[in-house]
**Q** 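Dumping the structure here so I can ask a few things about it.
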Amino acid sequence: MAKILFINPMVREEEDPKHIPMGIAQLASIAINAGHQVQVYDQNAWRKDDAIVKEILISDEWDVVGIGGITTAYASIKKIVKLVSRCCPKTLIALGGGVLTSLPKETMKWLPEVDLGFVGESYKTIVDLLNALDTENPNLENVKGLILRKNDKIIFTPQRELLHNLDELPYPAYDLFPIQEIYFKNSAMMYSEEGMLATRRMDINGSLGCSLVCKFCYHLGIIGDMRYEKNENGEVNRIAFDEEGSFTRNIRFHSTDYIINQAVYLKKKYDVNFIYFLDENFMTMDVYSKRTWLKGICKGWKEAGLVPKKKKDGTWDGVYWSGTSHATLCNPEILKIMAEHGCSHLVYGYEHFDDRILKTIGKGSNRKTNLRSFFWTLKAGIRPIPNQIIGFPTEDFDSLRMQMKAWDDLGIVTKPHFATPYPGSLWFTEYRNEILDQYKGQGKKFGLSDDLEAYVMDLGDASRVSAVISRNFNAVELIGLREMMMHKQYDKIDQYEKEWRQKHGIKPGQPSTLVDEDISKFKKIKISA
Amino acid sequence: MSLLKGNFKVKKPIKEKKLTEQKKLEEIFEKSAKQRLGGSMVYVSKSKVNWDLDEK
């Protein structure tokens with residue numbers, strides 16, 4: 001049997017760790033079921049210094065140290081990889097997750113200590129890799145879904161197929177994470193009263209993918225959106241993702257029985273009082289299932305005795321839950337049923353309230369559906385969490401005011417995210433050259449491989465500015481405008497608009513924008529202090 | 001409390017230095033203060049101070 005140490009890198013340092021990393025927890029469970037020796041160190045949960053991480057690394061002799069995470073964990077990953085290389089020189093270092101799949105060749109170049117990477121979904125790859133390492137002369141080129149170093153080259157092994165039936169997956173290895181020590185203490189989520197009062201929250205992921213084509217989003221192969229491109233010699237030299245006009249959307253979801261059994265398992269084993277569904281978009285699965293999936297979950301929740309009942313002291317029996325919705329795909333009927341079965345809040349990626357902006361992002365929603373779903377959700381008794389973004393490519397003063405007006409009308413208190421072109425997204429492909437321009441010289445300045453690595457190092461969760469894709473505003477302006485928007489300072493925005501027009505030489509009567517687009521068909525609302 | 005969790009016992013136990021009560025309090029304070037940044041709220045992260053008053 002092979003011996004593997006999984007390490008979960010640190011992400012969102014400014015926040016308490018709230019979520020057991022689902023990918024690593026699933027892979028650890030799969031590896032154990034396949035008969036291998038597994039340990040997990042959750043650096044995001046423990047946040048220990050390098051001295052402790054070194055102690056962990058030398059606590060045994062590992063065949064593989066597997067590190068994985070999303071792109072925003074890159075800085076932590078880079079640090080950990082260097083420690084592993086120093087402390088465990090004979091151990092294979094494997095990297096997986098979105099950080100690797102979004103830019104596989106670049107990441108292997110930036111992190112020369114990494115021996116191999118998991119490209120795309122790795123449920124089957126992890127077993128094949130560990131089984132291969134168990135043999136006398138492992139040939140990793142036969143393991144699908146990897147990126148490897150061979151002599152001086154970086155090569156891809158054949159593309160890994162997706163798992164057809166998600167119900168084949170074991171439950172994540174929750175026990176290998178500090179549930180009592182860390183995660184239960186951070187159970188509260190400030191999204192609803194029940195979320196805030198949750199004391200024993202755990203997460204379930206009921207589905208993979210989404211049917212929509214938002215330009216800022218990325219799926220990195222899990223919906224069949226990844227293809228291997230070959231050069232003239234027949235060698236795979238590039239991984240590409242869906243491009244505009246050509247989308248694959250192979251969405252998958254667990255059966256309702258699987259989800260209910262998992263919820264019952266969490267209730268019995270950990271006495272959870274809240275379950276957060278990590279699913280990318282609940283409603284897209286519900287529509288795909290012809291509106292049977294969410295009703296099935298609600299029915300199962302009731303049959304399993306999980307529907308929460310409030311007690312006088314504010315606590316409850318049963319399990320409240322929450323998830324994600326979509327403005328256009330939800331309807332009053334399903335929202336009411338969800339509320340009756342314990343759904344306390346739903347996260348909506350409304351992003352904006354100006355149709356001119358929404359039209360450009362592939363979201364499949366508009367101002368009307370955003371407003372409609374907002375009131376439907378409230379009326380059903382569920383708190384909507386209306387995520388907001390500013391700094392879209394065609395964002396201008398009018399669209400910002402439209403956004404503020406909606407916040408005023410709907411009572412939304414928000415600190416919006418900035419539009420960010422994450423690797424793997426359509427935006428990243430479209431704006432790659434502009435990103436590199438903005439980070440020109442930063443790679444050399446900070447001792448990194450190149451400017452793109454500097455950008456990836458800088459990426460956060462979009463609550464702060466990184467690369468700007470707005471045609472009208474720079475980073476400083478966006479930060480300032482966001483501050484004024486949050487404080488409802490319409491007059492200050494009007495004042496800055498005058499200065500901005502002067503700076504850019506906009507003639508009287510012309511709209512305040514540098515973007516050449518036909519905006520005549522969009523309704524204009526005059527909003528001012 | 002075990003930093004490593006798995007399905008077997010590792011060969012070498014992990015030694016973690018015990019924090020003094022003062023250090024524990026310092027960590028709790030700095031973590032709480034960081035979460036309340038804004039307005040006039042400001043604090044010094046002691047472990048990140050990397051200069052002293054001695055002019056060289």
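Scope of the values below: all heavy atoms of this structure, side chains included, with no hydrogens, waters or symmetry mates. Every value quoted in this text rests on a predicted model; they were computed, and no experiment measured them. A note on names: the letters A, B, ... follow the listed sequences, proteins ahead of strands, and every chain is numbered from 1.
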**Q** Measuring from Ser2(B):OG to Trp46(A):CH2, what's the distance to the nearest 0.5 Å?
**A** 7.5 Å

**Q** Where on Phe177(A) is there a heavy atom nearer than 4.5 Å to chain B: the side chain, the backbone, both, or neither?
**A**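 The answer is the backbone of Phe177(A).
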
**Q** If you round to the nearest 0.5 Å, how far is CG of Leu3(B) from CD of Gln39(A)?
**A**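 Here the interatomic distance stands at 11.0 Å.
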
**Q** For Lys90(A), is the NZ atom crowded, meaning more than 12 foreign heavy atoms sit under 6.0 Å from it?
**A**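 Count not over threshold, so no.
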
**Q** To the nearest 0.5 Å, what is the distance between NE2 (His36(A)) and CZ (Phe8(B))?
**A**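 Answer rounded to 0.5 Å: 12.5 Å.
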
**Q** Would you confirm whether Asn7(B), through its side chain, and Val38(A), through its main-chain N or O, come within 3.5 Å as a donor-acceptor pair?
**A**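 Yes.
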
**Q** So, Lys48(A) and Glu16(B), do they make that salt bridge, N to O below 4.0 Å?
**A** yes

**Q** At a 4.5 Å cut-off on heavy atoms, which part of Gln37(A) comes close to chain B: side chain, backbone, both, or neither?
**A** both

**Q** Look at atom CE of Met1(A) and say whether more than 12 heavy atoms of other residues, nucleotides or ligands are closer to it than 6.0 Å.
**A** no

**Q** Could you check whether atom NZ of Lys79(A) has more than 12 heavy atoms from other residues, nucleotides or ligands sitting under 6.0 Å from it?
**A** no

**Q** What heavy-atom pair brings Asp175(A) and Lys5(B) nearest, and what distance separates the two atoms?
**A**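 Result for this residue pair: O-CD, 3.5 Å.
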
**Q** Counting only heavy atoms not in Tyr191(A), do more than 12 sit closer than 6.0 Å to its OH atom?
**A**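 Count not over threshold, so no.
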
**Q** Nearest 0.5 Å, please: how far is NZ in Lys12(B) from CD in Glu61(A)?
**A** 11.0 Å

**Q** Look up atom CG in Leu4(B) and atom CG in Leu5(A), then write down how far apart they are to the nearest 0.5 Å.
**A** 6.0 Å

**Q** Kindly give the heavy-atom pair with the smallest separation between Ile14(B) and Ser59(A), and that separation in Å.
**A**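 It is CG1-CB, 4.1 Å.
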
